[in-house]
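Each chain gets a letter, A, B and so on, in the order the sequences are listed, and its residues count up from 1.
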Amino acid sequence: MRIVTWNINSVRLRMPIVEKLTQQVAPDVICLQETKVHDDQFPFQDIQALGYPHIAINGIKGYNGVCILSKHPLSDIGSHSWTGKSDGRHIYATLPNGVEVHSLYVPAGGDEPDRAINDKFGHKLDFVDEMAVWFGQNRKATDKIMVMGDLNIAPLEHDVWSHKQLLKIVSHTPIEVEKFNAAQTAFGWVDCMRKFVPDEEKLYTWWSYRSKDWRAANKGRRLDHAWATPALADQVTAMQVLSDARDWEKPSDHVPVILDLAG
DNA sequence: ATGGTCGGTTGCCGA
């Protein structure tokens, strides 16, 4: 079972590279974020033609939006309105093997890392706080659950190109990292990317559009994550960041993260 | 220290 997460930055505009992903990677399940399309306008037929007949979506007009595309039937589809907003940041569904997959898009948080002057930063902090609470109240850590998505926080020193230079940059501030770690440990989530790559090794999933040569500059961040409950983490056999996708035609600024599951 | 580029609810806002 191969599961991919990818912040696609407009699913309609990226259909050619979604197709490329399906051809090159052959995922069973694809979690997308920032689809930027209302459910009414979702490209169902194009997606289904790629071999993904089972689709769970939570989209709104113009921004945010998440979905799960699957070769296998999806059951028990749902979403939670984080911080009380129905703003297309969450969808989940259960696969035939009993694994519940969540596609999640955490708020980016704006530019100023101070909730007193930036509401978007406060929203992000509240959202991550709620992650610690919601899973604890609504799910069991003994079940097989996976959270895939753009969590918009790079928690480790080597999840960013320069720890020191990014300490005051939203996505890597101490308060965000503290809340991220609290949400992760509260439920016992296993980081399925760092399970395969040592903490001391640089690991990125996003490179800004504002760079002439993203590969040469390599000023990346690991904003996208794959978390699994301990029971499921043992079944995760491989992880790959598809960095080459950053060079595909009309790319997203994020690249796919690929997980392989036994069973 | 600054600005750089994308996408869509476009001539701005969010990322």
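A gap of 28 Å separates the C1' atoms of B:dG7 and B:dA1, to the nearest Å. Rounded to whole Å, the separation between the P atoms of B:dT2 and B:dA15 comes to 23 Å. When the P atom is used for both B:dG3 and B:dG8, the distance is 26 Å, rounded to whole Å. The same atom, P, is picked in B:dT9 and in B:dG4; the two are 25 Å apart, to the nearest Å.
Centroid-to-centroid, the aromatic rings of A:Phe180 and A:Trp227 come within less than 6.0 Å. Between A:His80 and A:Phe135, the ring center distance fails the sub-6.0 Å criterion. Taking the six-membered ring for Trp and the full ring otherwise, A:His102 and A:His90 have centroids separated by under 6.0 Å.
For B:dG8, neither phosphate oxygen OP1 nor OP2 lies less than 4.0 angstrom from any side-chain nitrogen or oxygen of A:Lys61. Put simply, A:Ser211 has no side-chain N or O that comes within less than 4.0 Å of OP1 or OP2 on B:dG4. Between A:Lys36 and the phosphate of B:dG14, there is no side-chain N or O to OP1/OP2 separation shorter than 4.0 Å.
Protein atom NZ of A:Lys212 is 19 Å distant from nucleotide atom P of B:dT2, rounded to whole Å. When the C1' atom of B:dG3 is taken as reference, atom CG of A:Asp111 falls 12 Å away, rounded to whole Å. A:Ile169 places its CD1 atom 13 Å from the C1' atom of B:dG3, with the value rounded to the nearest Å. Put simply, OH on A:Tyr209 is 13 Å from C1' on B:dG14, counting in whole angstrom units. As a whole-Å value, the separation of A:Gln33 CD from B:dG7 C1' is 16 Å. Atom CZ in A:Arg210 sits roughly 11 Å away from atom C1' in B:dT2 (whole-Å rounding). Straight-line distance from the NZ atom of A:Lys250 to the C1' atom of B:dT5: 11 Å, rounded to whole Å. Between A:Asn64 atom CG and B:dG14 atom P the separation is 11 Å, expressed in whole Å.
Taking every side-chain heavy atom of A:Glu34 into account, B:dA15 is the closest of B:dG7, B:dA15, B:dT9. The side chain of A:Ala108 approaches B:dA15 more closely than any other nucleotide in the set B:dT9, B:dA15, B:dG8.
Using a 4.0 Å cut-off between charged side-chain N and carboxylate O, A:Arg215 and A:Asp244 make a salt bridge.
Both A:Leu13 and A:Gly110 lie near DNA chain B, and the one whose nearest nucleotide falls closer to the 5' end is A:Leu13. Each of A:Pro107 and A:Val37 was assigned the nucleotide of DNA chain B with the nearest heavy atom; the assignment lying further toward the 5' end belongs to A:Val37.
Contacts with DNA chain B (heavy atom under 4.0 Å) in residues 213-225 of chain A: none are found.
Side-chain contact check for A:Trp214 and A:Asp247: at least one donor-acceptor pair (N or O, by modelled atom type) lies under 3.5 Å. A:Asn218 and A:Trp207 share a donor-acceptor pair across their side chains, judged by distance under 3.5 Å alone. In this model, a donor atom of one side chain and an acceptor atom of the other lie less than 3.5 Å apart for A:Thr173 and A:Glu176. Side-chain N/O atoms of A:Ser75 and A:Thr94 include no donor and acceptor closer than 3.5 Å.
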